[in-house]
Amino acid sequence: DASINLSENQITAMATQLQSDKTTITGMDPQSGPAYNEQVEEYNNLAAQYNNLAAQAKNMIGEYDSEVNAFNACLEQ
């Protein structure tokens with residue numbers, strides 16, 4: 001399904017960005033102050049979006065699997 005593939009591509013891109021942001025955050029010195037806090041907030045916002053998109057994709061995959069199973073059941077009759 002095209003929407004599942006699109007979601008998977010978005011999830012992959014977000015995961016890459018999250019890893020990059022995490023590297024940036026862990027490399028910041030000092031690990032406090034406005035710049036650090038802003039970077040952490042951006043990371044947390046992206047992580048929340050990532051988690052929501054992953055949950056949506058999981059639901060879409062479950063629905064798709066159910067449709068395929070129903071279709072296959074019809075073929076077996």
Value rounded to 0.5 Å, distance of CD in Q10 from CD in Q56
9.0 Å
Hey, any chance M14 and I4 share a hydrophobic cluster, counting ILVMFWY side chains that come within less than 4.5 Å of each other, even indirectly?
no
In sequence, state the C-alpha distance, the side-chain angles, and the governing distance for E8 and I61, and then conclude on side-chain contact (heavy atoms from CB on, under 4.5 Å).
CA-CA 11 Å; E8 288 177 342; I61 291 168; 4.3 Å; yes
Minimal heavy-atom distance between A57 and I11, with the atoms involved, is CB-CD1, 3.8 Å
Under 3.5 Å, side chain of S20 to main-chain N/O of T16, donor-acceptor pair present?
no
Closest heavy-atom contact between M60 and S7?
CE-OG, 3.0 Å
Where do Y43 and L18 come nearest, in terms of heavy atoms and distance?
CE1-O, 3.3 Å
Point-to-point distance, once rounded to the nearest 0.5 Å, from CD of E42 to CG of N44
10.5 Å
Measure the shortest side-chain to side-chain distance between Q39 and D21 over non-hydrogen atoms and say whether it is less than 4.5 angstrom.
yes
N72 vs L75, side-chain contact (heavy atoms from CB on, under 4.5 Å): CA-CA, chis, key distance, verdict:
CA-CA 5 Å; N72 287 340; L75 291 177; 4.2 Å; yes
Do L6 and L53 land in one hydrophobic cluster if side-chain heavy atoms of ILVMFWY residues count as linked below 4.5 Å?
no
Is it the case that the side chain of Q31 and the backbone of Y36 share a donor-acceptor pair, with hydrogens and angles ignored and the cut-off at 3.5 Å?
no
Derivation and outcome, side-chain hydrogen bond (donor to acceptor under 3.5 Å, both in side chains), residues N45 and Q49
CA-CA 6 Å; N45 289 338; Q49 292 173 15; over 6 Å; no
